[in-house]
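Please read the structure below before turning to the comments.
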Number of protein chains: 2
Amino acid sequence: MSEVNLKSLAKELGLSVSTVSRALRDAYDISAETRQRVQALAAERNYVANPYASSLRKNQSKTIGVIIPNVVNNFFSLAINGIESVAQQKNYHVLIYLTHEDYEKEKQILNHLQSGRVDGILLSMASETKDQTHIKEFQKNGLPLVFFDRASKEIEASKVSTDDFESAFEATEHLIQNGCKRIAHLCISKSLSIIKDRLRGYSAALEKNGIPFDDTIIKECEDDDQLSYQQIATLFSDKDRPDGIFASVEKLAIIAYQVCIDLGLCIPEEVKIISFSNLSTASLLNPALTTVMQPAFEIGRTAATLLFKQLEKKRVASAPETVVIKSELIRRRSSSAS
Amino acid sequence: MSEVNLKSLAKELGLSVSTVSRALRDAYDISAETRQRVQALAAERNYVANPYASSLRKNQSKTIGVIIPNVVNNFFSLAINGIESVAQQKNYHVLIYLTHEDYEKEKQILNHLQSGRVDGILLSMASETKDQTHIKEFQKNGLPLVFFDRASKEIEASKVSTDDFESAFEATEHLIQNGCKRIAHLCISKSLSIIKDRLRGYSAALEKNGIPFDDTIIKECEDDDQLSYQQIATLFSDKDRPDGIFASVEKLAIIAYQVCIDLGLCIPEEVKIISFSNLSTASLLNPALTTVMQPAFEIGRTAATLLFKQLEKKRVASAPETVVIKSELIRRRSSSAS
DNA sequence: TTTATTTACGGAAACGTTTTCGAAACATGA
DNA sequence: TCATGTTTCGAAAACGTTTCCGTAAATAAA
């Protein structure tokens, strides 16, 4: 679009294109005087190098891709903030892709991104993703990829997540200590390793406290609020109704609240609820929601930092790192002892 | 990165680069047999055209830029969803830039984007932006720009927003009808036209109902939660304490809730609150928050659609359109009559 | 047969950078 | 004077596409 480019600048200055180009960057080869003349005119004309020409020539795009299931989710929007803060500082651009938890979409996006459009990728997997060959295929291209939150166990790559097992353990035990005897577990796809870890933490806490594990009160919900509502409602309508809810993701806790209201169940007297969540309104809910608050911003920031570490190291394929950032259990009324 | 390109395909097929290129798109010039051979190999090799070479040559990037103040905000994340849904359908890519309400950052981003990195821009202005010459400068390049939500009155461009005046009027009158005599108005920068409109709607409702307008209970808050908290707290500590709060943005309503809790003020008995908001937990708050719910997804979707309309119309600079999508007042307990 | 016309493809320029290479111009040392 | 070194710049290739143009071969028209 812009009509100001190296050629027009060079012409106006009576210099060659290559001189102008170098005057704008290396500049060790160029006399101080020329350099200043060039930079002055470039500033005046508001010259910005055509990124596509640069990228084509230099074979790097100064762009990273972020692939996430959703952006209407406090965890992911906070993580994006963290990612963006690093990218902006490094003068990189951020392409956002939403999978909406759809495996096919994730595959398609990943495949498209092999073209060199991005220099690296931050990925948080879709819940529907089971087969992971598309990710391995992507890695074969040599493009760095860093997982955050929803990582793959079987793929070798840097990963940033929270202490899912320990947090889930602590949260579950918290419910038990406050009197829960029968704790339901609400989660999304069990094929996600973080969900597995949380489930393991939950089970371990049950076992430690001598509470039998009951598969029938583990509810794996899809990405459909209506359906999830139904699943949770039937859970509560059972004669052997649970007296505690451990929600693996924020949205399910919100739906559980709604179900409780509609069924006239009192929180925390009849049901105690705890959830992984980054809700800013958790303390204002009725009752205030006890949460396992993940360091979302930090996770995003760290993942981006790891990615840039790989981008900056040239040929040396650095060994994958795994960073775990602890979550914090914030006790509120929804889980308090009666 | 990828080692498969037109040249390698051409070599393997015993064809020329140009033939392969055309076989993959126009293909009217190419025999059916060759076309199939080419496409088969391309599919097998997982060929994706280098976007930078394409963009450089075709002078279009298949990318749009979205500039917003923040992503940790239900309105904007829903809007992004709307934008992304259109972009994905059109096979476009979405670059996200966050201004964090900072004028300088907005200016810098806009300036950088003149380079042709994007084919068009969706902009929701930073609250600190007063001077708008950087936007006008940008437009001079001929790149299409569509405002959504936070638009500029003085700039000619397509705009998508909600009925800010009417919604604010209705909301304020709702408070009055439920008994409020002294309604404070919490807003962010008054230089934003949507904020002005909401303020006008508020004033008009007061006037219609014979309530004097009082400048001292209009609080213009910065993007700093601590500070906002202080401002709202002092507002409530006044002897002539307001009995109603109209929050122009979600975050201020949340802070107001917090202040009420800390000061021991009962909502809605002592203070009624209403807010522009897209909180999914509004109905679960204590008490449930009455909201003016903006059609955030729709606004994003429409803005993107308008942008693509301009992108698809070639040379004809289509006249700017202004689309207004109505918000919905959802009455809940925070504003109910005592 | 010769001359058009069509079909199917290749050559090469162009997009705007970056970067390698080389070469003037000038100074330095002998 | 000549050889050598330094400084400062320009020419040109390259990145991978797309597209304009040309042309050989095949077919149709004369």
Side-chain angles (χ1 to χ4, degrees), chain A residues 1-39 41-42 45-63 91 112-119 141 314, chain B residues 1-39 41-42 45-63 112-119 141:
Chain A
M1 283 300 123
S2 174
E3 294 307 326
V4 41
N5 53 25
L6 285 185
K7 207 195 289 182
S8 72
L9 289 180
K11 195 167 163 190
E12 186 163 359
L13 288 162
L15 291 170
S16 79
V17 168
S18 68
T19 302
V20 175
S21 175
R22 272 170 306 156
L24 291 172
R25 55 203 81 261
D26 331 308
Y28 80 99
D29 213 31
I30 304 294
S31 74
E33 193 208 327
T34 330
R35 196 189 326 161
Q36 280 161 21
R37 275 209 312 142
V38 171
Q39 291 183 353
L41 187 70
R45 291 278 182 280
N46 235 312
Y47 170 73
V48 185
N50 182 309
Y52 296 106
S54 292
S55 293
L56 178 59
R57 176 60 227 243
K58 297 201 292 186
N59 203 26
Q60 61 148 320
S61 61
K62 285 268 185 188
T63 305
N91 261 310
H112 187 100
L113 256 33
Q114 309 199 2
S115 59
R117 185 180 289 272
V118 295
D119 293 342
N141 278 62
K314 283 285 152 198
Chain B
M1 284 298 126
S2 175
E3 295 308 326
V4 41
N5 52 25
L6 286 185
K7 207 195 290 182
S8 72
L9 289 179
K11 195 166 162 190
E12 187 163 359
L13 288 162
L15 292 170
S16 78
V17 168
S18 67
T19 303
V20 175
S21 175
R22 272 169 307 154
L24 291 172
R25 54 203 81 260
D26 330 308
Y28 79 100
D29 215 358
I30 305 293
S31 74
E33 194 208 326
T34 324
R35 197 189 325 161
Q36 280 161 22
R37 275 210 311 144
V38 171
Q39 292 183 352
L41 187 70
R45 291 278 181 279
N46 235 309
Y47 170 73
V48 184
N50 182 308
Y52 296 106
S54 293
S55 293
L56 177 59
R57 178 58 227 247
K58 296 201 293 187
N59 202 25
Q60 62 148 317
S61 61
K62 284 268 184 187
T63 305
H112 187 99
L113 256 34
Q114 308 199 3
S115 60
R117 187 180 287 274
V118 296
D119 294 342
N141 278 62

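Being a predicted model, the structure only gives us computed values, none of them experimental. Scope of the values below: all heavy atoms of this structure, side chains included, with no hydrogens, waters or symmetry mates. To find a chain, count down the sequence lines: A is the first, B the second, and so on, and within it residues start at 1.
Mapped onto DNA chain D by nearest heavy atom, B:Val17 and A:Leu15 fall at different nucleotides, with A:Leu15 at the one closer to the 5' end.
The CG atom of A:Leu113 lies 10.5 Å from the CG atom of A:Asp119; values are rounded to the nearest 0.5 Å. The CZ atom of B:Arg117 sits 9.0 Å away from atom CG of A:Asn50, with the distance rounded to the nearest 0.5 Å. In this structure, the separation between OH on A:Tyr52 and OG on B:Ser54 is 11.0 Å, given to the nearest 0.5 Å.
The side chain to side chain contact (heavy atoms under 4.5 Å, CB included) search around A:Lys7 returns A:Asn5, A:Val17, not counting sequence neighbours. With sequence neighbours left out, the side chain to side chain donor-acceptor pair (under 3.5 Å) criterion links A:Ser55 to no other residue. For B:Arg22, the salt bridge (charged side-chain N to carboxylate O under 4.0 Å, His left out) partners two or more places apart in sequence, or in a different chain, are B:Asp29. Here A:Ser16 pairs with A:Ser18, A:Thr19 under the side chain to side chain donor-acceptor pair (under 3.5 Å) rule; sequence neighbours left out. A search for salt bridge (charged side-chain N to carboxylate O under 4.0 Å, His left out) contacts involving B:Arg45 returns B:Glu12, not counting sequence neighbours. Taking A:Ser21 as the reference, nothing meets the side chain to side chain donor-acceptor pair (under 3.5 Å) condition, with sequence neighbours excluded. Residues satisfying the side chain to side chain donor-acceptor pair (under 3.5 Å) criterion with A:Thr34, sequence neighbours excluded, are A:Ser31.
Spacing between atom CG of B:Leu6 and atom C1' of C:dG11 amounts to 15 Å, rounded to whole angstrom units. Per the geometry, CG belonging to A:Asn59 stands 10 Å off P belonging to D:dC15, to the nearest Å. We find that OH of A:Tyr28 is positioned 11 Å from P of C:dT19, with the value rounded to whole Å. Following rounding to the nearest Å, B:Lys58 (NZ) and C:dA13 (P) show an atom-to-atom distance of 22 Å. Nucleotide D:dC9 holds its C1' atom 15 Å from the CG atom of A:Leu24, rounded to whole Å. B:Lys11 places its NZ atom 17 Å from the C1' atom of C:dG10, with the value rounded to the nearest Å. One interatomic measurement links the two molecules: NZ of B:Lys7 to P of C:dG11, which rounds to 13 Å at whole-angstrom precision. Rounded to an integer number of Å, the gap from A:Arg57 CZ to C:dC15 C1' is 15 Å.
The listed nucleotides are D:dT19, C:dT19, D:dT17; the one nearest the side chain of A:Ser21 is C:dT19. Closest approach to the B:Leu56 side chain among D:dT17, C:dG16, C:dT17 is made by C:dG16 (side chain taken as heavy atoms from C-beta onward).
Inter-axis angle, ends of the helix from C:dT1-D:dA30 to C:dA30-D:dT1, five pairs per end, rounded to 10 degrees: 60°.
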Polar pairs (N or O, both sides) under 3.5 Å between protein and nucleotides 20-25 of chain D?
none

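Proximity of B:Ser31 to the phosphate of C:dA8: no side-chain N or O atom is located under 4.0 Å from OP1 or OP2. For D:dC9, the OP1/OP2 oxygens have no side-chain nitrogen or oxygen of A:Thr19 closer than 4.0 Å. For A:Arg25, a side-chain nitrogen or oxygen approaches OP1 or OP2 of C:dT18 to under 4.0 Å. Residue B:Tyr47 has a polar side-chain atom (N or O) positioned under 4.0 Å from OP1 or OP2 of D:dT17. The phosphate of D:dT18 has OP1 or OP2 within less than 4.0 Å of a side-chain N or O from B:Ser54.
Residue A:Ser55 is classed as having no contact, given no heavy-atom separation below 4.0 Å to the nucleic acid.
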